[in-house]
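Heads up, the thing below is written out as structure tokens.
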Amino acid sequence: MRKEKCFVESLRFSTATVGSDPRSGYNARQFPLISLEAYFLMTVRTRIAPSPTGDPHVGTAYIALFNMAFARQHGGEFILRIEDTDQTRSTAESEQAIFDSLRWLGLEWAEGPDKPGPHGPYRQSERSDIYKHHTQILLDEGKAFKCYRTAEELDQLRNQRREQGLQSALKESDLALPADEVAKREAAGEPYVVRMKVPEEGVCVFDDMLRGSIEVEWSQVDCQILMKSDGMPTYHLANVVDDHLMEITHVLRGEEWISSAPKHQLLYSYFGWDMPQLCHMPLLRNPDKSKLSKRKNPTSIIYYQRMGYMAKALINYLARMGWSMPDEREKFSLEEMIENFDINRVSLGGPIFDQEKLSWLNGMWIREELSDEQFAAEFQKWALNPEYLMQIIPLIKQRVEKFTDVAPVAGFLLSGMLPITEESFTHKSLQLEDTRRILQFASWMLDTEQNWEKDHLFAQFKLLGEAMGFKIRDVLFPIFVAIAGTSQSVSVVDSMQVLGPDMSRARVRHALNTVGGPSKKEAKRWEKEYRDVAKALTEA
Ligand code: GLU
């Protein structure tokens, strides 16, 4: 049934796009044309579409795992697409970290930015012409409109609507300007965005593989921006166009995207395309049931690698997030998961990502799956690899006289949480309350820090000290203890750079808990105070 629909659609699409489009200067031959032959070979295709902003997230690995298991179970393909249309936040390092960490976990893709395939390029920043072409189609067919509203006008409009108690989303009719005003702005070359038209009334109904039919009132759906004033597409347009052109048949993604589905469904129907089947996976949660966030729990895959977990155990644990083997066994491999995979066994209750449980499972993997020789080889790869050693040696060389000094001096760079107590923070002038406050403010500062370069970190701590009224030496004292277990250690910002963001953040948080954390009252007061400090940090 599904195949037939795809077939009709692909024929329509093939004939409609052969040749070039004089309107946009876009050569449609770049589109993949689906032939009869391809139809008979048509396979399940899933994808993961991470944005390369920040550290590779365990949530990305979790979604990648289920996409891969689903595709492999159907003899299909799993591909990797990089959604880097937010050029201000996307970085090449982050993209590389996504590749490295997914590969470390054994989640290999069939096509991707570094694996050319017939549907490339697989990096959205390299697909601008494709998005422009499709935006033009929607404009020409009256399914999208140019919006010349300025940011101030939009704020004003939103305020007005709030005052009037209007709950519904923004529609074309709300944004309309008199025709002569539009002409004036157009003639003056003023910036505009392209928005999609969205029905004002009625109900959007779409299917989710796990949740069945979902209904959303159109009145709650904004006339979404599709193309920004800089000519870059938004997530919604790029995602729909790419999923179609890359022949994605099933979209398994986090439940936070459910609210985007009506817009996507509408876009698919505007283009006359079939929508892939949607499956919104439950979100990973902290043990307190809140959404997994780096403020409460390390979220970077790199952290778990650095913490010394086995990739196979982490994959096993992620597979247990909302899914179980038919015989409910806890320990199983990726291959065993794929053999037994059934998407209907995903349960929707928010799965809790609990590090203690992961450690227990990892212990089983180490004891049962690694011979002594394999343990030695794995440990060597983890701790004594040249790349890591070369980061450590320059830091400790000046502090050792013989090799027996290495372990005591560098041990904290090969450890997880350190055995610190309240006494570890005893200081001649800092009171315990000062220490708690510094650790809490530092923790908040580090949670949002993007640049983990040591000189930058040092400058930020200096500013933090100034804003809090402490000398840099004093501010750094509790950080030293948090990061290295003692203040008599190698440069703390160097160590943080080596340990990376998530391990450093986790240690500062651990230190804060060791000294008792803030009381409820303090937390409220400090949060308010920190807002001013944060302002000083960003304005500097
Ligand atoms: N770029 C989105 C993300 O970062 C992709 C969401 C989707 O799978 O549609 O998660």
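Along the sequence shown, the residues carry numbers beginning at 1. One-based numbering, in listed order, for ligands and for the atoms of each. All heavy atoms count here, side chains included; hydrogens, waters and symmetry mates do not.
Shown here are the salt bridge (Lys or Arg N to Asp or Glu O under 4.0 Å) partners of K143, two or more places apart in sequence or in another chain: E141. The salt bridge (Lys or Arg N to Asp or Glu O under 4.0 Å) search around R89 returns D86, not counting sequence neighbours.
Annotation for E387: atom CD does not count as buried by contact number, only 12 or fewer foreign heavy atoms lying within 6.0 Å.
Note on R505 versus D502: salt bridge recorded, some NZ/NE/NH1/NH2 to OD/OE distance being below 4.0 Å. The pair D114-R103 meets the salt-bridge criterion, with a side-chain N (NZ, NE, NH1 or NH2) lying under 4.0 Å from an Asp/Glu carboxylate O.
Each of R47, A49, S51, E83, Y235, N239, R253, W257 has a non-hydrogen atom positioned under 4.0 Å from some atom of ligand 1.
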Using residues 334-343 as the side-chain source, report each donor-acceptor pair under 3.5 Å to any protein atom, sequence neighbours left out, with the distance given to one decimal.
{"from": "E335", "atom 1": "OE1", "to": "R72", "atom 2": "NH2", "distance (Å)": "3.0"}
{"from": "E335", "atom 1": "OE2", "to": "R72", "atom 2": "NH2", "distance (Å)": "3.0"}
{"from": "E336", "atom 1": "OE1", "to": "S333", "atom 2": "N", "distance (Å)": "2.7"}
{"from": "E336", "atom 1": "OE1", "to": "S333", "atom 2": "OG", "distance (Å)": "3.3"}
{"from": "E336", "atom 1": "OE2", "to": "R329", "atom 2": "NH1", "distance (Å)": "3.4"}
{"from": "N340", "atom 1": "ND2", "to": "E336", "atom 2": "O", "distance (Å)": "2.8"}
{"from": "D342", "atom 1": "OD1", "to": "N344", "atom 2": "N", "distance (Å)": "2.9"}
{"from": "D342", "atom 1": "OD1", "to": "N344", "atom 2": "ND2", "distance (Å)": "3.4"}

